[in-house]
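The next block holds one structure in the form of structure tokens; read it before the comments.
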Amino acid sequence: MNYFDEYIKATSELIKINSVESAPIDNKPFGVGVDDCLRKALSIAEELGFKTFYGNGYYGYAEIGEGEEMLGILGHLDTVPIGNDWDIPALGGDIIGEYLCGRGVLDDKGPIIATLFATKELVDNGFVPNKRIRIIFGCDEESGWECINKYCECEEIPTIAFTPDGDFPVINCEKGVAYFNVHMKKPSYLFDIQGGERANMVMDKVTCTISNDFASILPKDNEYGVIIEGNTLTAIGKSAHGSSPHLGDNALWKIVKFLGGYDSNAKNIANIICNTDGSNYGIQCEDEISGKLTINVGTITSDSEGITFSLDIRHPLCITREQLYEKLTHTFANGTVEYGFFHNPLYIEPTHPLCTSLLKAYESVTGEKLQPITIGGGTYARALPVAVAFGPIFPNQESTIHQKNERAKISDLQKMYNIYLKAIEELAK
């Protein structure tokens, strides 16, 4: 039996459900769309013969097999906001040319559903796992992790686990994730500024309104491409994942660099924030195991009290969240800095059997003998004692995660699916 075609169809069905977190309603803690997506995933699992559990809208799981030990596979069904200016239907789940398209195809609906069908294929072809296989569906990975925290409070913890929500060949080290909110005074000429969707997304659009007097001195033709219409300024950039901000084009940078030519306050801010390595924030650092620090300024808002912007920092093992806070308060001495969401770093030795087994599965399909890697992204692997991230992005592959026109080559999905087949077999035999 081969379930790949059925897998593609199921993924398409899930993409059609808008599962961006929204306001809680009727015992649906992350909104209607996320809950609909969770129930659909569990329905698919039931049809495949899995035992399922609905965790009050926070999480769900599908389980098969027997044994005291458990192999856990953790993924999430929520997505980041769709964003702007897609050239293809964002919720279409369409096959366009050689691609399956839509928000969530890579992050993370496509990969987690692949493990469900791969497990079914193994069992139907005679594989008898020596432990239970539990596929866990989270529902707010992109905005808070309340889902997986609730799971860990209420449910059995897997003996070993992986999450198909990172990169191949296997991720044994994840940098720390630390969010901070910075509050500063608003210049007298600035009425309002708004931009960004989430701290972990590079801003692709920023709009601000300024006084007519200040607007009158600004040139409509400028090197930053800032659009001026009356007293409204708009900058357009390119989104990217907050863990790799250098791959994006931050619209806020364009605004502050442009305004910095005419206002010293804006120039000072531009001199600090317009980098992704933390150099001008005073926090640049790196170590041999986990690499370099990265920083993304992901949102900006204003009100009568001033301006607030969010920072998403992915930090190496050599610096702590508390040390980052101390340095940032010095850099933004004229404002205030507040702690936000955070995750401590993860590190599993490369020689651990979990890593070696997954590397073996990867090599058996690709022929590539590679070593574990470090990422700046934060995955569910951090939530469990023995877990790593494993796929779906291949080395040197273009990734459209958190970007417009999210898509995946069908051939890459087939290769990913085959790797998960081998990995589940290796870990559960």
Side-chain angles (χ1 to χ4, degrees), residues 20-24 31 80-81 83-84 142-144 178-220 222 224-237 239 242 245 250-274 280-282 295-313 324-342:
V20 176
E21 182 179 350
S22 57
V80 295
N84 301 299
E142 297 290 3
S143 55
Y179 289 7
F180 296 94
N181 292 318
V182 179
H183 308 282
M184 303 194 75
K185 287 185 177 181
K186 188 166 56 175
S188 58
Y189 65 84
L190 180 64
F191 295 160
D192 182 60
I193 184 165
Q194 304 290 332
E197 300 275 2
R198 299 270 178 87
N200 65 347
M201 298 173 68
V202 175
M203 279 187 258
D204 62 358
K205 184 178 181 180
V206 175
T207 301
C208 67
T209 54
I210 57 177
S211 68
N212 290 328
D213 288 344
F214 194 74
S216 68
I217 68 172
L218 301 178
K220 291 194 173 183
N222 58 85
Y224 304 107
V226 174
I227 301 166
I228 304 176
E229 296 176 328
N231 67 338
T232 300
L233 278 60
T234 303
I236 302 297
S239 186
N250 201 310
L252 182 60
W253 290 12
K254 298 181 180 184
I255 287 283
V256 295
K257 285 181 177 180
F258 177 50
L259 293 177
Y262 307 90
D263 171 61
S264 60
N265 290 323
K267 184 176 181 179
N268 290 336
I269 293 297
N271 287 339
I272 295 172
I273 72 169
C274 295
N280 293 343
Y281 293 85
I295 185 168
N296 177 57
V297 50
T299 64
I300 188 165
T301 60
S302 68
D303 56 26
S304 59
E305 301 299 320
I307 296 170
T308 300
F309 53 88
S310 63
L311 302 176
D312 175 354
I313 300 173
L324 290 170
Y325 176 80
E326 182 179 351
K327 292 176 181 292
L328 289 172
T329 54
H330 177 75
T331 299
F332 296 105
N334 294 327
T336 59
V337 180
E338 293 179 350
Y339 283 113
F341 173 81
F342 79 99

Q) How about F342 and Y179: are their ring centres within less than 6.0 Å of each other? A) no
Q: Provide the closest heavy-atom pair for I193 versus S302 in the form atom of the first, atom of the second, distance.
A: N-OG, 2.9 Å
Q.
Test: ring-ring contact (aromatic ring centres under 6.0 Å, His included). Region: residues 186-214. Which pairs qualify, not counting sequence neighbours?
A. Y189-F214
Q. Picking from N181, T299, N200, N296, what satisfies side-chain hydrogen bond (donor to acceptor under 3.5 Å, both in side chains) with S310?
A. T299
Q.
Closer than 3.5 angstrom, by distance alone: can the side chain of K186 be matched with the main-chain N or O of D303 as a donor-acceptor pair?
A. yes
Q. Going by heavy atoms in the side chains, are I313 and L328 under 4.5 Å from each other?
A. yes
Q.
Between N334 and N268, is the side-chain contact (heavy atoms from CB on, under 4.5 Å) condition met? List the steps.
A. CA-CA 11 Å; N334 294 327; N268 290 336; over 6 Å; no
Q.
So which atom in A215 and which in G230 form the shortest heavy-atom distance, rounded to 0.1 Å?
A. CB-O, 3.7 Å
Q | Contact check, side chains of I307 and L190, non-hydrogen atoms, under 4.5 Å | A | yes
(Q) Has W253 got a side-chain atom pairing as donor or acceptor with I273's backbone, closer than 3.5 angstrom? (A) yes
Q: Would you mind reporting whether S239 and E197 have side-chain heavy atoms less than 4.5 Å apart?
A: no
Q: Indicate the atoms forming the closest heavy-atom contact of A266 with G260, along with that distance.
A: CB-N, 3.7 Å
Q. Of the options V206, L259, N222, which is the one that meets L233 in a side chain to side chain contact (heavy atoms under 4.5 Å, CB included)?
A. L259
**Q.** Atom of T234, atom of I255 and distance for their closest heavy-atom approach
**A.** C-CD1, 4.4 Å
Q. Closest approach of P81 and V20, non-hydrogen atoms and distance?
A. CA-CG2, 3.7 Å
Q) Does any non-hydrogen side-chain atom of H183 lie less than 4.5 Å from one of E338? A) yes
Q: Of all the heavy-atom pairs spanning G298 and M203, show the shortest one and how long it is.
A: O-CG, 3.0 Å
(Q) Between N265 and M184, is there a side-chain heavy-atom distance shorter than 4.5 Å? (A) no
Q) In Å, rounded to the nearest 0.5 Å, how long is the span from NZ of K267 to CD1 of I272? A) 13.0 Å
Q | salt bridge (Lys or Arg N to Asp or Glu O under 4.0 Å) partners of D204, counting only residues at least two apart | A | none
Q.
Using modelled atom types and a 3.5 Å cut-off, is there a donor and acceptor pairing between side-chain atoms of K254 and backbone atoms of I236?
A. yes
Q. Nearest 0.5 Å, what's the CD1-CZ distance between I269 and F309?
A. 5.0 Å
Q | P245 vs N250 side-chain heavy atoms within contact, under 4.5 Å | A | no
Q. Among all residues two or more places apart in sequence or in another chain, which pass the side chain to side chain donor-acceptor pair (under 3.5 Å) test with Q194?
A. D192
Q. Does Y281 offer a backbone N or O that forms a donor-acceptor pair with the side chain of T331 under 3.5 Å?
A. yes
Q: Give a yes or no answer on whether the side chain of N231 reaches the backbone of T209 with a donor-acceptor pair at less than 3.5 Å.
A: no
